[in-house]
Amino acid sequence: MKQALLDLLVDTRDQGTLTPNMNASEIITGALTAADGAVYAVHRGIPRFIELDDDKQAQTRDAFSFKWQKRDTYEDPNSAILHGAWMLERYGFESLEAWAAQFSMKRRILDLGCGSGWSSSMWLNTPGWSGDALWVGADISTAVDVAQDRLRHIANVHFVQADALHLPFADGTFDVIFSEGVLHHTPST
């Protein structure tokens, strides 16, 4: 976790300040502590704000963790072509590069329910993405670990494991909130 992300994070319960347990330009393993002593783990550079007491939320987390770890089911050139075309039609951009250029002009973008980062990767992986904007992928599941593995090479991307109903960000933090349910296409042969 880099300082740019740390500067945005707040306690999910009261929007209070969080303090890291170490001084470093990047925290790979550690913790963030709230004013009342509550502790949130940082593992693999990803702050973890998950405390699920709800069985249905836990089931959602587990299902999506499983789904997005099966990278062979969606990471192939045919899927990328079909999904990219579908997204362009759905959102009305001329090209993925135009989409990336538009989002690059923003200050901060939240991909809420990012899963493995599949949908955002369509435009993040184009020459149109300048990396000037800060992109944060948030997901309730450990799919954020997959997203980090897939997207860590891209400038200014960050990841948070959190419940969409209890995000660790103050209101108004993001200029754009992107949330895309992915429709998987199976090419006919």
Side-chain angles (χ1 to χ4, degrees), residues 1-22 24-71 74 103 106-124 133-152 154-182:
M1 176 181 64
K2 295 181 180 168
Q3 187 66 45
L5 177 61
L6 180 59
D7 291 345
L8 302 180
L9 297 175
V10 297
D11 189 345
T12 60
R13 300 164 302 142
D14 63 6
Q15 304 292 291
T17 303
L18 296 171
T19 306
N21 69 341
M22 65 175 57
S25 61
E26 185 170 3
I27 300 171
I28 303 301
T29 301
L32 302 172
T33 305
D36 67 358
V39 176
Y40 301 99
V42 177
H43 176 66
R44 293 191 67 220
I46 300 173
R48 313 289 174 152
F49 295 93
I50 300 296
E51 297 176 28
L52 296 177
D53 295 327
D54 183 317
D55 288 341
K56 289 181 182 176
Q57 283 291 68
Q59 182 181 11
T60 299
R61 178 202 59 212
D62 296 345
F64 281 102
S65 292
F66 175 78
K67 171 188 175 177
W68 288 114
Q69 289 179 27
K70 307 294 273 170
R71 291 171 67 171
Y74 60 90
F103 275 20
K106 304 300 179 187
R107 205 172 34 113
R108 297 184 192 119
I109 302 156
L110 174 64
D111 185 342
L112 187 56
C114 70
S116 72
W118 175 242
S119 291
S120 283
S121 73
M122 295 291 135
W123 49 269
L124 283 170
L134 183 137
W135 178 92
V136 177
D139 201 276
I140 195 169
S141 75
T142 57
V144 294
D145 293 291
V146 177
Q148 179 176 264
D149 290 344
R150 293 183 68 250
L151 303 176
R152 77 173 88 218
I154 299 170
N156 219 4
V157 299
H158 308 271
F159 305 91
V160 173
Q161 186 177 8
D163 182 337
L165 300 177
H166 304 285
L167 291 171
F169 307 107
D171 291 346
T173 298
F174 296 95
D175 304 305
V176 174
I177 298 175
F178 177 68
S179 186
E180 175 61 49
V182 175

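Values below: every heavy atom of this structure, side chains too, minus hydrogens, waters and symmetry copies. Note that the structure is a prediction, hence the values are computed from the model and not measured.
Pairing each heavy atom of Leu167 with each of Ala162, the nearest pair is CD2-CB, 4.3 Å. When every heavy atom of Ala31 is checked against every heavy atom of Val39, the shortest pair comes out as CB-CG1, 3.6 Å. Closest heavy-atom contact between Gly117 and Ala147: N-CB, 3.8 Å. Contact record, Val144 with Ala138: CG1-C, 4.3 Å, taken as the closest heavy-atom pair. Arg107 approaches Thr173 most closely through the heavy-atom pair NH2-O, 4.1 Å. Of all heavy-atom pairs spanning Asp139 and Gly115, the tightest one is OD2-N, 2.7 Å.
Here Asp14 pairs with nothing under the salt bridge (charged side-chain N to carboxylate O under 4.0 Å, His left out) rule; sequence neighbours left out. For Gln15, the side chain to side chain donor-acceptor pair (under 3.5 Å) test picks out no residue, with sequence neighbours left out. A search for side chain to side chain donor-acceptor pair (under 3.5 Å) contacts involving Arg48 returns Asp145, Gln161, not counting sequence neighbours. For Asp11, the side chain to side chain donor-acceptor pair (under 3.5 Å) partners two or more places apart in sequence, or in a different chain, are Arg13, Tyr40. Every side chain to side chain contact (heavy atoms under 4.5 Å, CB included) that Ile177 has, sequence neighbours left out, goes to Leu110, Leu112, Phe174. Residues forming a side chain to side chain contact (heavy atoms under 4.5 Å, CB included) with Ala4 (at least two apart in sequence, or on another chain): Leu134, His158. Not a single side chain to side chain donor-acceptor pair (under 3.5 Å) links Trp123 to another residue, sequence neighbours left out.
Remark: of the listed residues Phe103, Phe178, Phe159, Phe159 is the sole one forming a ring pair (Phe, Tyr, Trp, His ring centres under 6.0 Å) with Trp135. Under the side-chain contact (heavy atoms from CB on, under 4.5 Å) rule, Pro47 has a single partner from Leu18, Leu32, Leu6, which is Leu32. When the options Leu9, Ile28, Val160 are evaluated for a side-chain contact (heavy atoms from CB on, under 4.5 Å) with Met1, the one that passes is Leu9.
Environment of CG in Asp171: sparse, with no more than 12 heavy atoms of neighbouring residues, nucleotides or ligands closer than 6.0 Å.
Using modelled atom types, no side-chain atom of Asn21 and backbone atom of Gly30 make a donor-acceptor pair closer than 3.5 Å. Between the side chain of Asp175 and the backbone N or O of Arg108, at least one donor-acceptor pair lies under 3.5 Å.
Remark: Leu124 CG to Trp118 CH2 distance equals 12.5 Å, nearest 0.5 Å.
The closest side-chain heavy-atom distance from Arg44 to Thr142 is not below 4.5 Å.
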